[in-house]
A.B. asks: 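Right, I'll just put the structure down here and ask away after.
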Amino acid sequence: MTVGKIPFNKPLVNGSEIAFIQECLKSGSLSAGGDFAEKCTHFFESSFDFKKCMLTSSCTDALEMAALLLNIQPGDEIITCAYTYVSTANAFVLRGANIIFADSSADNPCIDTAEIEKLISPKTKVIVPVHYAGMACNMDEIMALATKYNLWVVEDAAQCIDAFYKGKNLLKRPLGGIGHLSAFSFHETKNITCGEGGMLVINDENLIARAEILLEKGTNRKMFLRNEVDHYEWTEIGSSFSASNITAAFLYAQLLELKKVQKHRISAWEKYYSMLEPLAQKGAFQLAHIPEYASNNAHIFYLVCDKEKTRNELIKHLREHKIDAAFHYFSLHKSSFYANRNLSIPNLPNSDKYTSCLIRLPLFYGITDAEIETVVSAIYSFFQP
Ligand SMILES: *Cc1c(COP(=O)(O)O)cnc(C)c1O
């Protein structure tokens, strides 16, 4: 079987989005907090045991809400990894925080938990673990540090739908359900999407009441809607973070297909892995290392090459074979924004390695066996011409 151009990603569209949006239009409830939004948050609260979920217009918004909710002030310090998307750090910088970057682990792009404690100071307020590729950070160690130093934990769970952590007590817990707060993304690049969308998960009950106010532009409108007050008014700062009911209708159509989507993505991921393993064993590159406490939600299939030159030539080689592969983050500690703030630039060799050497292969719902075989044979022809 011949295959045409293989894109890096094809956003998931399962077909019932339009019907759900039509239902939403008929209902006349278009703005935030409608039936579909409720269906989505109920889905997450019941399937993943998250305490309280609020749909937002992006993961970036959910992270910005988290920073407001935790009362982050100028000068507060936030510890996260440098190998991440800009929003992880920017959400806190908007409140005046300083970001203290930790390195990634040597064997995967998640934060190296052994580095965190050295970076904690009296100004530290939050640890923000980013579960790269939906593969868990070491949450037992992170939560233990948070308890010891009285810190908040906000999980950047943007990539973590249907991803789990199995801790020391061997209890399987969903990522996004462990930190005090967590943020998910439904951007078109994620496993489940609504174009642009996100969700704040609140696992600490004490934060729920204020989160409702922040979400409602700084008003107690939610209390008014529950008949708890006779009018609503400005009580706090806030913003317009919510997703519309139209967006929620699109998202709900996809959530109903989550099991099917995940089954396919995981089998595609595993096919790549088993076909590329022999080449990895010869030292051509490293495959993803999944820690024993992490599950795999097949969000990203990546390789780590030994040198930047190899990685870039491989991307070029694949492009010549009509295959779109991609590098990923440009580590934030090397960004021009960070350099322009005249901060001392930490030495983070593992972040640098992933910036220079990591490559992501095409992976999306519907990718065929033939397409995967085409990608794999192009990789073989690069390393064993
Ligand atoms: C996608 C992503 C984001 C941003 O999500 P948006 O919904 O586009 O705001 C943040 N952090 C990580 C780790 C991501 O992968």
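Residues: numbered from 1 along the sequence shown. Only a predicted model underlies this, so the values are computations on that prediction, with no experimental measurement involved. Note that ligands are numbered from 1 as they come in the structure, with each ligand's atoms numbered from 1 the same way.
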A.B. asks: Show every donor-acceptor pair shorter than 3.5 Å between a side-chain atom in residues 19-38 and any protein atom, with sequence neighbours excluded, or say none if there are none.
C.D. replies:
from	atom 1	to	atom 2	distance (Å)
S27	OG	C24	O	2.7
S27	OG	S29	N	3.1

A.B. asks: Do ligand 1 and T84 have nitrogen or oxygen atoms that lie under 3.5 Å from each other?
C.D. replies: no
A.B. asks: If we only count N/O pairs under 3.5 Å, is H187 in contact with ligand 1?
C.D. replies: no
A.B. asks: Give me the residue, atom name and distance of the protein heavy atom closest to atom 2 (C) of ligand 1.
C.D. replies: K190 NZ, 3.1 Å
A.B. asks: Number the atoms of ligand 1 from 1 as they appear, then name those within less than 4.0 Å of a heavy atom of Q159, with their elements.
C.D. replies: 13 (C), 14 (C), 15 (O)
A.B. asks: Under a 3.5 Å threshold, yes or no: a donor from one side chain and an acceptor from the other, between Y232 and E216?
C.D. replies: no
A.B. asks: Taking everything shown except L256 itself, do over 12 heavy atoms lie less than 6.0 Å from its CG?
C.D. replies: yes
A.B. asks: What about F186: any of its N or O atoms under 3.5 Å from an N or O on ligand 1?
C.D. replies: no
A.B. asks: With heavy atoms of C59 as the reference, note each atom of ligand 1 found under 4.0 Å away.
C.D. replies: 4 (C), 5 (O), 6 (P), 7 (O), 9 (O), 10 (C)
A.B. asks: Just jot down the ligand 1 atoms closer than 4.0 angstrom to any heavy atom of A158, in number order.
C.D. replies: 2 (C), 3 (C), 10 (C), 11 (N), 12 (C), 13 (C), 14 (C), 15 (O)
A.B. asks: Find out whether S58 and T56 are in side-chain contact, i.e. whether some heavy atom of one side chain is under 4.5 Å from a heavy atom of the other.
C.D. replies: no
A.B. asks: Kindly write out the residues that satisfy side chain to side chain donor-acceptor pair (under 3.5 Å) with T113, not counting sequence neighbours, or none if the list is empty.
C.D. replies: E141
A.B. asks: Taking 4.0 angstrom as the limit and counting only heavy atoms of V130, give me the atoms of ligand 1 inside it, by number and element.
C.D. replies: 13 (C)
A.B. asks: Give a yes or no on whether a salt bridge exists between D324 and K5, defined as a side-chain N under 4.0 angstrom from a carboxylate O.
C.D. replies: yes
A.B. asks: Tell me which part of S58 gets within contact of ligand 1: side chain, backbone, both or neither, using heavy atoms under 4.0 Å.
C.D. replies: both
A.B. asks: Does a salt bridge link R210 with E236, judged by any charged N lying under 4.0 Å from a carboxylate O?
C.D. replies: yes
A.B. asks: Applying a heavy-atom cut-off of 4.0 Å, say which part of Y329 lies close to ligand 1: side chain, backbone, both or neither.
C.D. replies: side chain
A.B. asks: Applying a 4.0 Å heavy-atom criterion (strictly less than), which segment of T60 is in contact with ligand 1: side chain, backbone, both, or neither?
C.D. replies: both
A.B. asks: Is it the case that atom OH in Y380 sees more than 12 heavy atoms from other parts of the structure closer than 6.0 Å?
C.D. replies: yes
A.B. asks: Give the numbers and elements of all ligand 1 atoms closer than 4.0 Å to a heavy atom of G197.
C.D. replies: 7 (O)
A.B. asks: What residue and heavy atom of the protein are closest to atom 3 (C) of ligand 1, and at what distance?
C.D. replies: Y85 CD2, 3.6 Å
A.B. asks: More than 12 heavy atoms of other residues, nucleotides or ligands under 6.0 Å from NE2 of H42: yes or no?
C.D. replies: no
A.B. asks: What residue and heavy atom of the protein are closest to atom 7 (O) of ligand 1, and at what distance?
C.D. replies: S185 OG, 2.7 Å
A.B. asks: Does E196, backbone or side chain, put an N or O under 3.5 Å from an N or O of ligand 1?
C.D. replies: no
A.B. asks: When only distance counts, is D156 in polar contact with ligand 1, meaning an N/O pair under 3.5 Å?
C.D. replies: yes
A.B. asks: Checking R221 side chain against E212 main chain: does a donor-acceptor pair fall under 3.5 Å?
C.D. replies: no
A.B. asks: Does at least one non-hydrogen atom of H131 fall below 4.0 angstrom from an atom of ligand 1?
C.D. replies: no
A.B. asks: Applying a strict 4.0 Å limit to heavy atoms, is A183 in contact with ligand 1?
C.D. replies: no
A.B. asks: How about E17 and V13: do any of their side-chain heavy atoms sit closer than 4.5 Å?
C.D. replies: yes
